[in-house]
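Quick notes on the structure that follows.
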Amino acid sequence: SVCEIGAGAGKICKYLYAENPALEITCVEHNAIHLQHMYDNFEHRPWVVAPNIKVKANIVKASLPHITALSSNKFDIVFTSTVFMHLPFI
């Protein structure tokens, strides 16, 4: 199973799913616009973002550091891409 934190429109997870349709995918995103794009890309308009496939994924609305929806889940891989650049310096 795979979890992407900050999945945006879900493009990376879509490619992972295309390579392995049996893969359990969880996509975490907090931006409402990105979530709508992800729903569209995965189910309603799969031809917009290549590859042209429908994706079965668990889509979670959450943001760092409040990802409590995932506290009981276990994943083989958790990854992120271009998320940390949006976090403020401490």
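Pairing each heavy atom of Gly8 with each of Met38, the nearest pair is O-CE, 3.0 Å. Contact record, His37 with Ala9: CB-CB, 4.0 Å, taken as the closest heavy-atom pair. Across every non-hydrogen atom of Ile12 and Ser81, the tightest pair is CD1-CB, 4.0 Å. Taking all atoms of both residues into account, the shortest heavy-atom contact from Val28 to Cys3 is CG2-SG, 4.0 Å.
Contact of the Val60 side chain with the Cys27 side chain is not registered, since no non-hydrogen atoms from C-beta on lie closer than 4.5 Å. The side-chain heavy atoms of Leu16 and Leu23, taken from C-beta on, include a pair separated by under 4.5 Å. You'll find the side chain of Thr26 stays beyond 4.5 Å of the side chain of Val2, heavy atoms only.
Atom NE2 of His34 sits about 13.5 Å away from atom CD1 of Ile59, to the nearest 0.5 Å. Atom OH of Tyr17 is separated from atom CD1 of Ile25 by 7.5 Å, given to the nearest 0.5 angstrom.
A distance-only check finds a donor-acceptor pair linking the side chain of Asp76 to the backbone of Ser1 [under 3.5 Å]. For Thr80 (side chain) and Gly6 (main-chain N/O), no donor-acceptor pair under 3.5 Å exists by modelled atom type. The backbone N or O of Phe42 lies less than 3.5 Å from no partner atom in the side chain of Lys54, so there is not a single donor-acceptor pair.
Cluster membership check: Val55 shares its hydrophobic cluster with Ile77, using side-chain heavy-atom separations under 4.5 Å among Ile, Leu, Val, Met, Phe, Trp and Tyr.
Under the salt bridge (charged side-chain N to carboxylate O under 4.0 Å, His left out) criterion, Glu24 pairs with no residue at all, not counting sequence neighbours. Shown here are the side chain to side chain contact (heavy atoms under 4.5 Å, CB included) partners of Pro51, two or more places apart in sequence or in another chain: Lys14, Tyr15, Ala18, Ile53. The salt bridge (charged side-chain N to carboxylate O under 4.0 Å, His left out) check on Lys56 picks up nothing, with sequence neighbours excluded.
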